[in-house]
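Down below is the structure, laid out as structure tokens.
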Amino acid sequence: MSSPHTARFALHPAFTVSAVDPRLFGSFVEHLGRCVYTGIYEPGHPSADEAGLRTDVLDLVRELGVTVIRYPGGNFVSGYQWEDGVGPKEKRPRRLDLAWRSTETNQFGLSEFIDFVRKINAEPMMAINLGTRGVAEAIQLQEYANHPGGTALSDLRVAHGDKEPYHIKLWCLGNEMDGPWQTGHKTAAEYGRLAAETARAMRQIDDSVELVACGSSNQGMETFAAWEAEVLTHSYDLVDHVSLHAYYQEHDGDRDSFLASAVDTESFIENVVATCDHVGAKLKSKKRINLSFDEWNVWYQRGGCPQLAPDAPPHQDWDEAPRLLEDNYSVTDAVVFGSLLIALLRHADRVKVACLAQLVNVIAPIATEPGGHAWRQTTFYPFAQAAKYGRGTVLQVNPESPVHETKRFGEVPLLHATAVRDEQTGAVTVFAVNRHQTEPLPLEVTLSGLGLSKVAEHSVLSDADPDARNTSAQPDRVTPHAATGTELADGTLRATLEPLSWNVIRLA
């Protein structure tokens, strides 16, 4: 007999959410802090390849399983001139970066980015400056990047050493344009018209491009939903996705609310979907707008933004690649991070692109030291496991779960879970988080029509110290471990989820 404190749900192949778009497992490289310089790019490093890319980082990025990389920002893009980052490096100008009060050397630019994404077998996602620039610069960049040759800009790319086009299909029409912190920020009407005109011009070059319009910078913006509605009224039939950005952190020791952060994520997604569909209905359009959740993570924004690493020296304005936003993630952070991944998968019917912000050093799963080694943060593991085993079709998961009270979200289920079926092998992977800080959570999953016969693996990320973390000195302090006692018998999976844990249960 099951305990009333047991969480349970049922899985059946007839009840699905959607196929997972592989681009759900994207990430983000911005010219911010040490993400680029001494992160992915460090020509003098012992591991650097002929292009200056750190091969130790390339190996970790491949292990992480990233499928798409958004570039070059972020706030950075709203003051960026793409022409600065092409051609001979000795002729590239140094510029002030207004977004992060740094000096940009432009030694890493468009060609280097494309080389990077090709080496990690990912797709490029290019953001366009619609803060200080506009339609003309957008289509010039598109021509330089994608046209085969025979025009001034495409021939310039060839002259710069890249004969083959970059084939960039996925484009962001600006970044967080409703944010007062954004260089050149705009009203919804101003941005909506600019996005529509840029999209129309880009489609005149190539109608197969996929375009992402800026949604509200976060759900807490005063203009949230009204912004999306206004922007999409202008651009609905010209764009394919609307963007979402969300970051979470623990406030004032309220760990229970922090562990329930994905409640906000799911609400955010559902509210944006409702707004998109309302506009589509009002316009009597048969088109469906999908979502690009192209910035998400745990981020400790102490004292505002930008923020220094806790152990960094005082920030000097206009430094090159200063140590900014270098959060060191705990086990608790990794469990919340895993829950955010579950939220994305649970909405795979509308979330078709997502980008973990960011990839290296800056609020990132990978950390490096200049001239030194690279290592995995705690958040590396949930992402790598989801990217590897979260491919296929998301099954409906409607759990019955014990609940507890949180200050921010009220009554919240202790179990947060989803499941993905590999259509080729029939294997099913259950991703589950136990939000309780001190108590284990028994789990029962009834399996019907799936032909599953055994537990291939039950991996757990947890620790007796919920604040344990990986550091340069102890890069493997926190790693996943195998659970015991998990079994599949008579069509029912039974497991016990450790307190405050991220769980990956693979069924074969």
Side-chain angles (χ1 to χ4, degrees), residues 3-9 216-222 224-225 244-274 293 295-302 327 329-347 351 354 356 363 378-379 382 386 397-418 430-444 460-469 495-503:
S3 161
H5 301 294
T6 298
R8 55 178 63 82
F9 58 87
S216 301
S217 300
N218 59 69
Q219 190 168 210
M221 297 291 290
E222 289 185 8
F224 172 65
L244 294 79
H245 294 177
Y247 296 100
Y248 301 95
Q249 68 185 84
E250 184 176 331
H251 291 281
D252 303 320
D254 183 9
R255 186 156 289 183
D256 281 339
S257 293
F258 179 47
L259 287 164
S261 294
V263 171
D264 178 78
T265 308
E266 299 210 33
S267 162
F268 191 10
I269 291 169
E270 290 159 12
N271 288 336
V272 174
V273 165
F293 213 129
E295 289 189 31
W296 67 270
N297 205 346
V298 172
W299 176 13
Y300 286 88
Q301 300 182 53
R302 309 177 190 90
D327 283 354
Y329 291 118
S330 68
V331 170
T332 301
D333 297 326
V335 171
V336 173
F337 182 100
S339 191
L340 301 179
L341 281 163
I342 288 171
L344 297 175
L345 286 165
R346 286 174 59 85
H347 293 83
V351 180
L356 162 64
I363 53 172
T378 57
T379 54
V397 172
N398 299 307
E400 298 175 16
S401 171
V403 299
H404 69 167
E405 192 70 21
T406 66
K407 291 180 183 178
R408 183 177 177 192
F409 301 110
E411 197 173 74
V412 169
L414 293 175
L415 175 71
H416 192 214
T418 190
V430 173
F431 300 101
V433 159
N434 176 8
R435 289 170 167 151
H436 202 290
Q437 294 190 53
T438 58
E439 298 294 329
L441 180 64
L443 173 65
E444 290 185 1
V460 186
L461 188 70
S462 68
D463 198 276
D465 177 5
D467 295 311
R469 58 198 75 213
T496 299
L497 309 184
E498 296 177 21
L500 210 163
S501 63
W502 155 263
N503 299 263

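In this chain, numbering begins with 1 at the start of the sequence shown.
Side-chain contact between Val298 and Thr379: absent, with no pair of heavy atoms (C-beta onward) separated by less than 4.5 Å. Side-chain contact check for Phe258 versus Thr406: every heavy-atom pair is 4.5 Å or farther apart. Under the 4.5 Å side-chain criterion, counting only non-hydrogen atoms from C-beta, Pro402 is in contact with Leu441.
Looking at His404 and Glu439, their side chains never bring a donor and an acceptor atom within 3.5 Å of each other. Side-chain atoms of Asp256 and Gln437 include a donor-acceptor pair closer than 3.5 Å. Between the side chains of Ser330 and Asp333, a donor-acceptor pair is found at a separation under 3.5 Å. Judged purely by distance below 3.5 Å, without hydrogens or angles, the side chains of Ser462 and Glu498 pair a donor atom with an acceptor atom.
Heavy atoms from other residues, nucleotides or ligands lying under 6.0 Å from CD of Glu405 number more than 12.
Remark: the backbone N or O of Arg408 is paired with a side-chain donor or acceptor of Ser257 at under 3.5 angstrom. Between the side chain of Asn434 and the main chain of Leu497, a donor-acceptor pair closer than 3.5 Å is present. A distance-only check finds a donor-acceptor pair linking the side chain of Gln249 to the backbone of Gln301 [under 3.5 Å]. In this structure, the side chain of Asn297 does not engage the main chain of Trp299 through any donor-acceptor pair within 3.5 Å.
Between Val430 and Phe9, the shortest heavy-atom distance links the atoms CG1-CZ, 4.0 Å. The two residues Asp327 and Tyr300 have their closest heavy-atom pair at OD2-N, 2.8 Å. Residues Pro466 and Leu500 come closest through the heavy atom pair CB-CD1, 3.9 Å. Leu415 approaches Pro399 most closely through the heavy-atom pair CD2-CB, 3.8 Å. Scanning all heavy atoms of the two residues, the minimum distance from Val412 to Ala260 falls at CG1-CB, 3.8 Å.
Of the charged side-chain nitrogens involved, at least one lies within less than 4.0 Å of a carboxylate oxygen, so that Asp467 and Arg255 count as a salt-bridged pair.
The aromatic rings of Trp296 and Phe337 sit tilted relative to each other, their planes meeting at an angle between 30° and 60°.
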